[in-house]
Protein chains: 2
Amino acid sequence: MTIKSEALRTLPLFSGLKKDENTLLIENSRMQNCERGTFLFMHGDMITNFYVVCRGTVQIFRETPDGHEVTSDLLIAGDSLNADEIMTKQTTHNKNARAVDDAVLLVIPVKWMQENLSNFDHMAAHLMANLTDRLHSAQIEAEHQSTMSATQIVACYLQRLCMLYGFDPEGFDLPYSKTLIASRLRIELETFSRALKNLRGEGIDVDGVHVSFTDTKKTGQFVCDQCSLCEDCPAHLFLHKKAAQG
Amino acid sequence: MTIKSEALRTLPLFSGLKKDENTLLIENSRMQNCERGTFLFMHGDMITNFYVVCRGTVQIFRETPDGHEVTSDLLIAGDSLNADEIMTKQTTHNKNARAVDDAVLLVIPVKWMQENLSNFDHMAAHLMANLTDRLHSAQIEAEHQSTMSATQIVACYLQRLCMLYGFDPEGFDLPYSKTLIASRLRIELETFSRALKNLRGEGIDVDGVHVSFTDTKKTGQFVCDQCSLCEDCPAHLFLHKKAAQG
DNA sequence: CGACACTTTGAAGACGATCAACGCCGGTGG
DNA sequence: CCACCGGCGTTGATCGTCTTCAAAGTGTCG
């Protein structure tokens with residue numbers, strides 16, 4: 001029970017709840033361990049729960065008719081799996097969710113969320129902010145996809161990864177397989193592999209799973225060339241700040 | 001004033017408001033005519049208002065460093081311009097909004113929206129549903145972009161256009177220029193032009209601005225080939241239903 | 001050591017972008 | 001009335017990039 005209340009306390013989504021609201025939430029939620037490879041839900045399953053990742057990583061993906069997996073997101077601690085399914089008219093999941101590694105999740109019945117949304121002013125606001133952020137990211141990513149080269153996209157992603165996970169820019173290891181990352185970036189594994197090679201000339205060194213940023217200024221120029229959203233993309237902002245510092 | 005209350009009455013976003021809420025909304029909003037080509041806001045402007053299209057069409061776009069316009073959306077009556085900016089931490093618009101044709105808009109101060117969101121249970125719910133839908137569409141589009149050919153994307157778009165605007169599938173005219181549509185679909189005008197040619201063999205006939213669907217079954221097969229989200233994409237659903245009817 | 005998953009590399013091919021030329025149309029001005 | 005122009009769309013040729021297919025390399029774990 002302490003791990004659960006700890007989770008509820010630290011999750012931004014549930015910050016600012018009153019004491020009795022918090023108690024109610026504890027009563028109506030549960031923690032779930034989910035070992036590597038198991039599905040949380042599959043495409044077509046009924047939408048019954050709202051999930052928040054507390055530990056580990058969850059892959060959200062679809063499967064094309066020919067069996068190819070298309071990853072739409074990789075979620076880590078603090079991310080919600082299906083905030084977009086709380087207010088939808090649909091009754092079934094339209095994607096698959098699977099634990100990439102051993103994961104721990106907070107599970108709340110969707111029905112309960114829906115019924116109590118209006119009581120919990122703060123939570124509704126948080127949810128809306130969450131949806132807004134996701135929409136924003138999706139739009140930026142769509143624009144990236146159509147205006148940047150695969151190599152630029154990879155560079156941008158590595159930067160974001162470093163920020164989001166709080167890794168050391170001097171050197172860190174990729175948190176999951178290259179196959180998974182390539183799928184997430186909607187490029188082929190081969191293209192991803194070649195992109196990493198190209199990046200060596202642009203200030204990013206990748207050897208095996210080890211990444212290190214060697215020339216932030218150069219990388220910044222490379223990534224933001226032809227890009228209209230430097231101010232909006234967190235990775236670009238980061239690069240600019242670094243570059244300004246010298 | 002009657003045109004405004006009419007707008008407020010018919011907009012799904014504001015349906016279900018109590019009478020006094022409605023009065024309050026009328027007092028705090030205004031209608032704005034916006035003639036073809038004028039900007040509603042530009043990238044970098046302060047976010048002051050929330051806009052809903054009542055008549056006409058509005059283009060949302062960015063400009064790349066080299067001056068190329070990238071259209072992120074084309075909005076018509078009933079669509080909100082910037083629902084995603086109500087809950088954001090940002091204070092400035094990150095895109096441009098311009099009237100494609102003479103348009104009429106409902107304008108509400110963002111501040112007022114924010115302050116009254118919690119009072120208007122229904123409206124918050126509508127806004128969330130709106131954001132959810134947009135996110136959903138964005139995800140589908142991203143997946144389309146990476147799994148379908150330009151020709152398939154165009155076919156899918158024409159179908160959606162026909163549904164959204166309530167056009168006659170037997171024959172209708174494109175509501176805006178091919179240049180604009182190509183920009184919206186993130187493909188080059190030349191590619192769009194060639195795609196239309198290819199579609200003749202797939203059951204869609206386009207001559208000048210005139211579009212007619214000649215073989216829905218064939219088109220359905222063509223569009224949905226390799227696609228994992230037939231159940232989720234309204235255009236695909238439409239095609240399947242038509243095809244099933246014979 | 002061998003099996004297997006994951007990754008790299010090479011070569012070929014497909015697709016869309018780009019560049020350039022032209023046709024079409026409506027508007028403007030002589 | 002005609003000549004000119006600019007915006008828009010089509011068509012052709014070429015080029016670059018990403019995908020695809022195939023093969024070989026690397027690492028891990030039994």
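Both backbone and side-chain heavy atoms feed into the values below; hydrogens, waters and symmetry mates do not. Please read these numbers as outputs of a predicted model, since none were measured by experiment. In what follows, every chain begins at residue 1, and chains take the letters A, B, ... in the order their sequences are listed.
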Quiz item: Checking only heavy atoms, does the side chain of A/R194 share a donor-acceptor pair with the base of C/dG10 at less than 3.5 Å?
Solution: yes
Practice problem: Record whether the side chain of B/E188 comes under 3.5 Å of the base of C/dC19 through a donor-acceptor pair of N or O atoms. | Solution: no
Self-check item: Nearest-neighbour nucleotide for the B/E190 side chain, D/dT11, C/dG16, D/dC21 considered
Solution: D/dT11
For the pair made of [atom1] in [X] and [atom2] in [N], what is the distance, rounded to whole Å?
| X | N | atom1 | atom2 | value |
| --- | --- | --- | --- | --- |
| A/R186 | D/dT20 | CZ | P | 14 Å |
| B/Q145 | C/dC15 | CD | P | 16 Å |
| B/L196 | D/dC8 | CG | P | 17 Å |
| A/Q152 | D/dT17 | CD | P | 11 Å |
| A/N198 | C/dT9 | CG | P | 11 Å |
| B/I187 | D/dT10 | CD1 | C1' | 15 Å |
| A/D207 | D/dT26 | CG | C1' | 12 Å |
| A/H68 | D/dC18 | NE2 | C1' | 13 Å |

Is the closest side-chain donor-acceptor distance between [X] and [Y] under 3.5 Å?
| X | Y | result |
| --- | --- | --- |
| A/H43 | A/E63 | no |
| A/R134 | A/S80 | yes |
| B/N198 | B/T151 | yes |

Practice problem: State whether B/D45 and B/K95 are salt-bridged, where the test is any N-O pair (Lys NZ or Arg NE/NH1/NH2 against Asp/Glu carboxylate O) under 4.0 Å. | Solution: no
Quiz item: So, the side chain of A/R200 versus the backbone of A/V206: is there a donor-acceptor pair under 3.5 Å, distance only?
Solution: yes
Quiz item: Any donor and acceptor pair, going by atom type alone, linking the side chain of A/S72 with main-chain N or O of A/I60 inside 3.5 Å?
Solution: yes
Using a 3.5 Å cut-off and no angle test, enumerate the donor-acceptor pairs between side-chain atoms of residues 170-177 of chain B and protein atoms at least two apart in sequence or in another chain.
{"from": "B/D173", "atom 1": "OD1", "to": "B/H210", "atom 2": "ND1", "distance (Å)": "2.8"}
{"from": "B/Y176", "atom 1": "OH", "to": "B/Y165", "atom 2": "OH", "distance (Å)": "2.4"}
{"from": "B/S177", "atom 1": "OG", "to": "B/L180", "atom 2": "N", "distance (Å)": "3.1"}

Exercise. Using a cut-off of strictly less than 4.0 Å, decide whether B/S193 has a side-chain nitrogen or oxygen near OP1 or OP2 of D/dT10.
Key: yes
Practice problem: Could you identify which residues of residues 172-182 of chain A place a heavy atom less than 4.0 Å from some atom of DNA chain C, listed by residue number, or say none? | Solution: A/S177, A/K178, A/T179
Quiz item: Contact class for A/L189 (heavy atom, under 4.0 Å): base, sugar-phosphate, or nothing?
Solution: base
